[in-house]
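Note that ligands are numbered from 1 as they come in the structure, with each ligand's atoms numbered from 1 the same way.
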Amino acid sequence: MKASFKSKLFLASAVYWILLSYILAALVFWFIALNRQVEQMAEHKLSALILDDPTYLSKYEKIQEEKKRKHAQYTGEGATFLVLTLVGALFVYRAVRKQIKLQQQQQHFMMAVTHELKTPIAVAKLNLETLLKHQLDEAKKQKLLSMTLEETNRLNTLANNILVSSQLEGGRYRIAKEEVDLSSLVQSAVQDFINRFSSRKWITHIQPETDLSGDPLLLQILVNNLVENAVKYSPKTATIEVRLSSTTKAVILQVIDEGPGIPDHEKHKVFDKFYRIGNENTRTAKGTGLGLFLCRKIADDHRATIRVTDNTPTGSIFTVSFTK
Ligand code: ADP
């Protein structure tokens with residue numbers, strides 16, 4: 001699949017550059033030919049002049065002037081064509097590149113989704129079959145059940161991310177505007193994570209009674225995705241901190257981790273659809289590149305901003321600021 005994609009890309013680039021070169025060469029050829037024609041016409045007219053004619057000088061000047069005017073006209077037209085062609089070519093080049101990149105990311109996304117869907121289903125199936133077929137002691141049963149629950153949680157997040165982002169993008173999701181107790185929402189979302197990942201170190205600073213007008217389901221997805229990433233992209237021994245505070249002007253949610261952080265040049269890109277840092281061979285964490293895209297969309301829909309900064313000594317701080 002990758003080879004055919006590369007050959008398609010090569011073919012498209014080759015056709016593009018050949019066509020562009022042809023157009024530019026034709027333009028230059030047209031410019032030279034027209035200017036030569038102007039020279040020939042002027043020469044022809046000059047040779048028809050009679051030296052003894054008393055109006056010779058004025059006719060001579062008129063011919064020279066017309067020659068100059070024609071040269072200027074063709075230079076102007078040529079330059080305009082050149083600029084328009086180059087702007088058009090740049091536009092097409094960028095649009096095609098964007099399209100190709102999106103197509104490539106979509107392909108990776110489809111592969112990632114297929115994998116992300118199949119793995120939890122396979123694990124859950126195997127665990128349930130083991131529970132049915134074998135008489136296990138209580139501790140083993142609990143372990144298998146909690147592993148199955150963990151996999152279904154992952155499936156749930158994935159399904160939510162895919163469904164909600166496609167509905168939000170297609171304008172089919174009606175965003176609720178209701179009074180949300182953000183403190184309780186964040187507290188219970190984080191508590192779920194603390195239960196799931198009880199061996200991790202957690203710090204929470206959640207200012208009570210912080211309310212907001214918004215959509216509870218979307219806000220929950222936002223919090224879940226940020227905390228999920230903090231868990232996914234930081235070492236098992238590292239601390240994860242969640243803060244919620246409120247000022248007179250804004251409500252601020254922060255998810256802070258001690259992972260590798262995000263390089264400066266990737267800080268904007270991570271919010272793009274399907275964007276994942278690194279390439280298929282270097283990535284270890286599973287994902288689809290939809291989580292942060294959805295977070296930004298949800299923040300936008302709540303008149304909030306989302307940004308990522310560096311934690312010290314390492315890690316990321318994701319800050320969502322809701323204006324009151
Ligand atoms: P996914 O996690 O499914 O790949 P996201 O949209 O949630 O997609 O994140 C996009 C990319 O941003 C991830 O692939 C990862 O490389 C990077 N990223 C997100 N959160 C963090 C984090 N807390 N620390 C380091 N990198 C992160």
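Among T157, L294, I262, the residue whose heavy atom lies closest to atom 27 (C) of ligand 1 is I262. Comparing A230, P260, G289 by heavy-atom distance to atom 8 (O) of ligand 1, the nearest is G289.
There is no side-chain donor-acceptor pair under 3.5 Å between E258 and T314.
Geometrically, ligand 1 and G287 share no nitrogen or oxygen pair separated by less than 3.5 Å. When only interatomic distances are considered, the shortest N/O to N/O separation between G261 and ligand 1 does not fall below 3.5 Å. At under 3.5 Å, not a single nitrogen or oxygen of Y275, backbone or side chain, sits near a nitrogen or oxygen of ligand 1.
In the hydrophobic clustering of this structure, L86 groups with L27; members are Ile, Leu, Val, Met, Phe, Trp, Tyr whose side-chain heavy atoms approach within less than 4.5 Å, directly or through other members. Under the 4.5 Å side-chain heavy-atom criterion for Ile, Leu, Val, Met, Phe, Trp and Tyr, I206 and L185 are members of the same hydrophobic cluster.
The ligand atoms of ligand 1 that sit less than 4.0 angstrom from a heavy atom of S316 are 24 (N). Near V270, with a cut-off below 4.0 Å to any heavy atom, the atoms of ligand 1 are 10 (C), 12 (O).
Residue I277 touches ligand 1 through backbone and side chain together, judged by heavy-atom distances below 4.0 Å. Residue E266 does not touch ligand 1, judged by heavy-atom distances below 4.0 Å.
Using a 4.0 Å cut-off between charged nitrogen and carboxylate oxygen, K297 and D301 count as a salt-bridge pair. Salt-bridge formation is not detected for the pair E66/K62: no Lys NZ or Arg NE/NH1/NH2 atom is positioned less than 4.0 Å from an Asp or Glu carboxylate oxygen.
Scanning the protein heavy atoms around atom 9 (O) of ligand 1, the nearest turns out to be L292 CD1, 3.6 Å. Of the protein's non-hydrogen atoms, Y233 OH, 2.6 Å is the one closest to atom 2 (O) of ligand 1. Given atom 4 (O) of ligand 1, the protein heavy atom at minimum distance is R276 NE, 2.4 Å. Nearest protein heavy-atom contact of atom 3 (O) of ligand 1 is T288 N, 2.7 Å.
A donor-acceptor pair under 3.5 Å is formed between the side chain of T247 and the backbone N or O of K249.
Considering NZ of K101 and CD of Q104, their distance stands at 9.0 Å, rounded to 0.5 Å. Considering CG of L149 and CG of N127, their distance stands at 11.0 Å, rounded to 0.5 Å.
Annotation: side chain of E266 is in contact with side chain of K269 (closest heavy-atom distance under 4.5 Å).
For F271, the heavy-atom gap to ligand 1 stays at 4.0 angstrom or more. By the 4.0 Å heavy-atom criterion, K232 is counted among the residues contacting ligand 1. Taking 4.0 Å as the cut-off, D257 counts as a neighbour of ligand 1 on heavy-atom distance. Distances from ligand 1 to the non-hydrogen atoms of G259 include no value under 4.0 Å.
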Open item on the list: Go through it in stages, so that I can follow the logic: the residues are N195 and Q191, the test is side chain to side chain donor-acceptor pair (under 3.5 Å), and I'd like the CA-CA distance, side-chain angles, deciding distance and then a yes or no.
Closed with: CA-CA 6 Å; N195 296 341; Q191 193 54 51; 3.2 Å; yes

